[in-house]
Amino acid sequence: MHLRIKDGVTLDLLPTKQFKTVGIKVDFVTPLRATAITARALLAQVLETSTAAYPTQTALARQLSAMYGANFGITVLKAGTQHIVRLTCSVVDEQYLTSYADQQPLFERGMALLKAVLFAPLLPQGHFDPTTFTQQRQNLLTAIKSLDDDKQYLANRRLQELLFAGQPTQAMSALGDVTTLGELTADDILATYHEMLAHDAVHIAVIGDVTVERAQAALATWPLVDRTVPDTLPYYHWTAKTTVQTGDDVAPVTQAKLNLAYRVPVYRNDKDFMATVVFNAVFGGTPLSLLFTNVREKASLAYYASSSYSSYTGTISVQTGIQAQNQTRVLAIIADQLATLQRGEVQPELLAEIKASLLNARLTVLDSPQRLLAGRLNAQLTHVTTSLTDWQAALNAVTVADIQRVAQQVTLQATYCLHGGEH
């Protein structure tokens with residue numbers, strides 16, 4: 001059920017008795033701007049730790065405990081050309097509590113908590129609390145730096161920088177960068193806060209045993225105002241490079257991280273979308289894939305080998321963990337797997353197994369409230385909503401010729417290797 005609350009503010013309600021919890025998600029969405037990514041990430045950190053009514057993390061944690069262990073958090077993420085500040089709250093449905101004494105149901109209490117976080121933050125003298133601001137800026141700095149401790153993440157980030165050189169919004173992490181963070185002031189974050197509340201598109205989604213009347217009544221108390229938001233699809237279109245970009249770095253790693261990036265000009269709303277999903281699953285997206293089977297299992301050249309497809313940016317990324325001296329052989333075998341698909345050589349048995357695994361993965365989503373909620377934002381951003389029946393029909397319809405057609409559009413754009421300096 002999709003409802004307009006205000007201009008630029010929508011509610012997706014997924015009423016169901018399937019779960020014993022009620023999930024709430026609030027997304028603030030705005031076009032990516034390199035100068036704003038870091039500020040929004042820091043704002044999320046500050047808002048998550050306190051409100052005027054719960055001025056410390058301890059006080060906020062006690063309130064969540066008093067709400068029978070409610071979960072609450074704020075994250076930031078990127079979706080193509082959009083940046084998202086996401087608040088989530090999950091509460092138990094009190095129908096399943098044997099001794100619930102409070103007169104206000106937990107869904108309404110969860111909505112009240114989100115309202116307090118968003119519209120009544122800790123703002124002594126009209127400014128964010130200096131101690132909270134300083135602590136959270138340091139915490140975000142630590143978080144950004146610690147990302148690089150994950151060497152596969154680091155290798156992927158370097159690959160993105162190669163692939164999207166000169167396009168900082170695509171190359172940058174959703175958490176922003178250290179340089180910008182060091183320059184941000186509390187006033188900057190306050191300005192970002194007011195801008196987000198006034199101008200971002202707001203997508204709210206609720207899943208659980210909640211009626212539309214209850215959801216609308218709770219939202220009616222939120223001081224959201226009409227806003228004009230551009231009806232822009234989130235896809236990042238880009239032109240293929242004429243030469244493959246290459247890069248490498250030395251790091252204290254025992255296992256080299258070899259990553260590759262391909263362009264595939266197919267997005268979520270294209271007719272070849274499902275064929276591209278299946279192509280990726282056959283190429284490297286599942287344990288049944290060619291990369292897993294031929295690079296890792298048969299050739300024993302990789303500790304892991306997989307691929308992922310982004311329908312927002314039209315990219316396919318390959319990640320491998322290898323011995324650095326095997327880099328040339330691994331690149332050749334990966335190229336062979338792509339060439340195999342470009343020739344249309346896919347065994348019917350493999351295609352059937354891949355389709356079965358994709359269907360199982362899709363069915364698994366139906367058991368996850370948070371993934372169902374996240375799916376609503378994807379539908380909002382792309383204007384694409386597909387029922388399970390239609391999705392399965394599209395999956396079943398994918399042929400070897402479809403996979404071959406997609407494969408022939410896939411072009412290698414960048415390779416990056418993070419290694420220990422041994423080659």
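Note that the numbering runs from 1 along the sequence shown for the chain. The structure presented is a predicted model; accordingly, all values stated were derived computationally and were not measured. Worth knowing before you read on, the calculation uses all heavy atoms, side chains too, and leaves out hydrogens, waters and symmetry mates.
Phe279 and Phe283 have parallel rings, their planes meeting at less than 30° on a 0 to 90° scale where 60° marks the start of perpendicular.
Using modelled atom types and a 3.5 Å distance limit, the side chains of Thr30 and His83 yield no donor-acceptor pair. Side-chain polar atoms of Ser357 and Asn360 form no donor-acceptor pair below 3.5 angstrom. No side-chain N or O of Ser146 forms a donor-acceptor pair with one of Asp149 less than 3.5 Å apart. A donor-acceptor contact closer than 3.5 angstrom is absent between the side chains of Glu161 and Tyr416.
Checked by atom type and distance alone, the side chain of Thr38 pairs as donor or acceptor with a backbone atom of Asp177 at under 3.5 Å. No donor-acceptor pair closer than 3.5 Å links the side chain of Lys78 to the backbone N or O of Ser173. At least one donor-acceptor pair under 3.5 Å links the side chain of Thr49 to the backbone N or O of Val46. Side-chain atoms of Asp336 do not come within 3.5 Å of backbone N or O of Ile333 as any donor-acceptor pair. In this structure a side-chain-to-backbone donor-acceptor pair under 3.5 Å is missing from Asn156 to Gln152. Looking only at distances, no side-chain donor or acceptor of Ser307 sits under 3.5 Å from a matching main-chain atom of Val318. For the pair Gln413 (side chain) and Leu163 (backbone), a donor-acceptor distance under 3.5 Å is absent. Checked by atom type and distance alone, the side chain of Lys6 never pairs as donor or acceptor with a backbone atom of Val202 at under 3.5 Å. No donor-acceptor pair under 3.5 Å is formed between the side chain of Gln45 and the backbone N or O of Ala41. Distance alone, capped at 3.5 Å, places no donor-acceptor pair between the Ser65 side chain and the Ala61 backbone.
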| task | Would you check, one step at a time, whether the test side chain to side chain contact (heavy atoms under 4.5 Å, CB included) holds for Gln138 with Leu141? | result | CA-CA 5 Å; Gln138 182 58 42; Leu141 176 65; 3.9 Å; yes
### Message
side chain to side chain contact (heavy atoms under 4.5 Å, CB included) for Arg376 and Leu14? Distances and angles first, verdict last.
### Response
CA-CA 9 Å; Arg376 297 314 307 157; Leu14 289 75; 3.7 Å; yes
- Message: Show, in sequence, the C-alpha distance, side-chain angles and deciding distance for Leu87 and Leu118, and conclude whether the side chain to side chain contact (heavy atoms under 4.5 Å, CB included) test is met.
- Response: CA-CA 9 Å; Leu87 294 86; Leu118 282 170; 3.8 Å; yes
Requested in this report: Test Thr315 against Thr313 for side-chain hydrogen bond (donor to acceptor under 3.5 Å, both in side chains), laying out the working first.
Outcome: CA-CA 6 Å; Thr315 56; Thr313 60; 2.8 Å; yes
Walk me through it: do Asp187 and His127 pass the test side-chain hydrogen bond (donor to acceptor under 3.5 Å, both in side chains)?
CA-CA 7 Å; Asp187 286 343; His127 297 277; 3.3 Å; yes
*In sequence, state the C-alpha distance, the side-chain angles, and the governing distance for Tyr262 and Asn280, and then conclude on side chain to side chain contact (heavy atoms under 4.5 Å, CB included).*
CA-CA 11 Å; Tyr262 299 83; Asn280 176 62; over 6 Å; no
*Mind running side-chain hydrogen bond (donor to acceptor under 3.5 Å, both in side chains) on Tyr312 and Gln82 for me, showing each step along the way?*
CA-CA 10 Å; Tyr312 284 123; Gln82 305 296 303; over 6 Å; no
Using ring-ring contact (aromatic ring centres under 6.0 Å, His included), reason through Phe128 and Tyr193 one step at a time and then give a plain yes or no. CA-CA 10 Å; Phe128 280 115; Tyr193 166 68; 5.8 Å; yes
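A 6.0 Å sphere centred on CZ of Arg362 holds more than 12 heavy atoms belonging to other residues, nucleotides or ligands.
Between Leu233 and Leu381, the shortest heavy-atom distance links the atoms CD2-O, 3.6 Å. Here the closest non-hydrogen pair linking Thr51 and Ala120 is CB-O, 3.6 Å. Looking at every heavy atom in both residues, Asp367 comes nearest to Gln18 through OD1-NE2, 3.4 Å. Considering all non-hydrogen atoms of both residues, Leu366 and Leu372 come closest at O-CD1, 3.7 Å. Nearest approach of Gly80 to Gln170, heavy atoms of both residues: O-NE2, 3.0 Å. Taking every heavy atom of both residues into account, Glu94 and Phe107 meet most closely at OE1-N, 4.4 Å.
You'll find the side chain of Val85 stays beyond 4.5 Å of the side chain of Leu47, heavy atoms only. In this structure, the side chains of Thr132 and Gln136 come closer than 4.5 Å at one or more pairs of heavy atoms. In this structure, the side chains of Leu113 and Leu64 come closer than 4.5 Å at one or more pairs of heavy atoms. Residues Leu3 and Thr10 are not in side-chain contact: their nearest non-hydrogen atoms beyond the backbone lie 4.5 Å or more apart. Proximity of Leu290 to Val282: side-chain heavy atoms (C-beta onward) are separated by under 4.5 Å at one or more points. Between Leu363 and Leu388 there is a side-chain heavy-atom pair separated by less than 4.5 Å. A 4.5 Å side-chain heavy-atom check between Thr35 and Thr180 finds every atom pair outside the cut-off. Between Thr88 and Ile24, every side-chain heavy-atom pair lies at or beyond the 4.5 Å cut-off.
The ring-ring contact (aromatic ring centres under 6.0 Å, His included) pairs that include a residue from residues 134-166 are Phe164-Tyr236, Phe164-Trp238, where partners are two or more places apart or lie in different chains.
For the atom pair Tyr267 OH and Phe273 CZ, the distance stands at 13.0 Å (nearest 0.5 Å). Considering CG of Leu350 and OG1 of Thr286, their distance stands at 7.5 Å, rounded to 0.5 Å. Interatomic distance, CG of Leu395 versus CE of Met274, reported as 5.5 Å (0.5 Å rounding). Expressed to the nearest 0.5 Å, how far CG of Asn259 lies from CZ of Arg157 amounts to 12.5 Å. Atom CG of Asn269 sits about 10.0 Å away from atom NE2 of His383, to the nearest 0.5 Å. Between the CD1 atom of Ile204 and the CG atom of Leu11 there is a distance of 6.5 Å, given to the nearest 0.5 Å.
With respect to the salt-bridge test (charged N to carboxylate O, under 4.0 angstrom), the residues Arg4 and Asp7 qualify. A salt bridge is defined here as a Lys NZ or Arg NE, NH1 or NH2 lying under 4.0 Å from an Asp or Glu carboxylate O, and Asp200 with Arg227 fails to meet this definition. At a threshold of 4.0 Å, the pair Asp27-Arg86 counts as salt-bridged, since one of the basic side-chain nitrogens sits closer than that to a carboxylate oxygen. Under a 4.0 Å N-O distance rule, the pair Arg405/Asp272 qualifies as a salt bridge.
Under the salt bridge (Lys or Arg N to Asp or Glu O under 4.0 Å) criterion, Glu108 pairs with Arg214, sequence neighbours left out. Listed by chain and residue number, Arg33, Arg40 satisfy the side-chain contact (heavy atoms from CB on, under 4.5 Å) test with Ala36 (two or more places apart in sequence, or in another chain).
Here the options are His203, Met1, Lys25, Gln380, the test is side-chain contact (heavy atoms from CB on, under 4.5 Å), and the partner is Asp12; only Gln380 passes.
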